[in-house]
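The chains referred to below are lettered A, B, ... by the order of the sequence lines, with proteins before strands, and numbering in each begins at 1.
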Amino acid sequence: MGVDLGDIISRSKISLDEFAGKTFAVDAYNALYQFLAIIRGPTGEPLMDRQSRVTSHLSGLLYRTTNLAERGIRLVYVFDGKPPSLKDTEIKRRRTIRFEATTRYESALSTGKFEEAKRYAQATSSLKDLMIDDAHRLLRYLGVPIVQAPSEGEAQAAYMAARGDVWAAVSQDYDSLLFGARRLVRNLAISGKRKLPMREAYVQVEPELVDLTSTLQTLQLSREQLVDLGILIGTDFNPDGFKGIGPKTALKLVKEYGRVERIAEVNKDVVPPPELDRIREIFLRPAVTSNYTLEWRESDVESLVQFLCGERDFNEERVRTVVERARTAMAKESGKKTLESFFGS
DNA sequence: CTAAAGGA
DNA sequence: TCCTTTAGG
């Protein structure tokens, strides 16, 4: 689930307008999982075409990408490669959670408890190969660039944000900061009031910006210390963190003692795991590639329509409308005649 | 998640 | 017109 830094770092609410003209590297798996979890029908089933192929992720990807493009926001999607072997435990843990959620979902469904079913259904999401292929195709037809990460997509996106090839990394997880992203943007979507499922509560979902330099400045930490802080709380590579240590305590300990080894000398509950240095390496010297080009092309509207409408049962008028709106808005924003000149170089 | 329909 | 609910695939 990523490292739980939410309570100790400062986030600033930002209007989408301030992002106009900027480029963002999106952690694609993070986004696709969210679409898969949230875009569901009344009984908790994801959206599907006539052949029962899931389409929730395509719906989310299409609307979000075109909506943001319409506001002058350029996205590049970064896909995961092979996860580090240290992530195996976490991957197994997630599989167990999905399995249990699936069981509960099915039993709630069979007893007619649809509201309960829907709640469990959200946790059953798993990204299949076809979904990844479909997401690739959708983005290709839209003319949106894709970067294939050698390992963690979040690390690659952070690297791109660290180099300044993009303005910020986009993810719901704070790990991007540990990976060195200069800026992290969360909730990059069309803002508005959203009602929480099963509650009478509404929340204002607005994009949030986290700046790495000012975060470190405020906390009075180095990035190495931020990584150790994350390891104390728990990361995907040591999911349990340390017994009895949450964000607040971890921050205090890191500020006082500097690094995990020194904390361990004083606190018996802190036993440095043997793979401590390997975890640090994942964040501080992640496997990334500089072999990518960020080139936005004119959308291939006919291929897109053939794919989404011909193969996946989307409504043709809707698809043409959202894509066309995005194209004209961007051409207008650039003050130039074509999308190509807007996106080019 | 958004877009579109439905109610106040 | 604004806000809430439902459909979409």
Base, sugar-phosphate, or nothing: which does A/R40 touch, judged by heavy atoms less than 4.0 Å apart? base
A/L308 has an atom CG; how far is it from atom P of B/dT2, in whole Å? 16 Å
To the nearest angstrom, how far is A/L62 atom CG from B/dA3 atom C1'? 11 Å
With sugar-phosphate meaning primed atoms plus P, OP1 and OP2, does A/S59 contact a base, only sugar-phosphate, or nothing at under 4.0 Å between heavy atoms? base
Got a salt bridge between A/K13 and A/E208, using NZ or NE/NH1/NH2 to carboxylate O under 4.0 Å? yes
Distance below 4.0 Å between A/N315 side-chain N/O and B/dA4 OP1 or OP2: no
A/E317 CD - B/dA4 P separation (whole Å): 8 Å
With a non-hydrogen cut-off below 4.0 angstrom, is A/P46 in contact with a base, only sugar-phosphate, or nothing? base
Looking at B/dA3, C/dG9, B/dC1, which one has an atom nearest to any side-chain atom of A/I39? B/dC1
Quickly work out the A/L188 CG to B/dC1 P distance and round it to whole Å. 12 Å
Aromatic ring centroids of A/H136 and A/F79 under 6.0 Å? yes
Is A/R312 touching bases, backbone alone, or none of the nucleic acid, heavy atoms closer than 4.0 Å? sugar-phosphate
To the side chain of A/I190, which of B/dC1, C/dG9, B/dT2 is closest? B/dT2
Just how far, in rounded Å, is P of B/dC1 from CG of A/L68? 12 Å
Cation over ring, A/R137 on A/F307, under 6.0 Å and within 45°? yes
Of all the nucleotides listed (C/dG9, B/dA3, B/dC1), which has the minimum atom distance to the side chain of A/L47? C/dG9
Using whole Å, what does the distance between atom C1' of nucleotide B/dT2 and atom OH of A/Y63 come to? 7 Å
Check for a donor-acceptor pair, side chain of A/T103 on one end and backbone N or O of A/F99 on the other, with a separation under 3.5 Å. yes
Whole angstrom value for the distance that separates P of B/dC1 from CG of A/L138: 18 Å
Output yes when a side-chain donor or acceptor of A/Q156 lies under 3.5 Å from a complementary backbone atom of A/Q148, and no otherwise. no
A/H57 atom NE2 is separated from B/dT2 atom C1', nearest whole Å, by 17 Å
Given B/dT2, is OP1 or OP2 found less than 4.0 Å from the side-chain N or O atoms of A/R64? yes
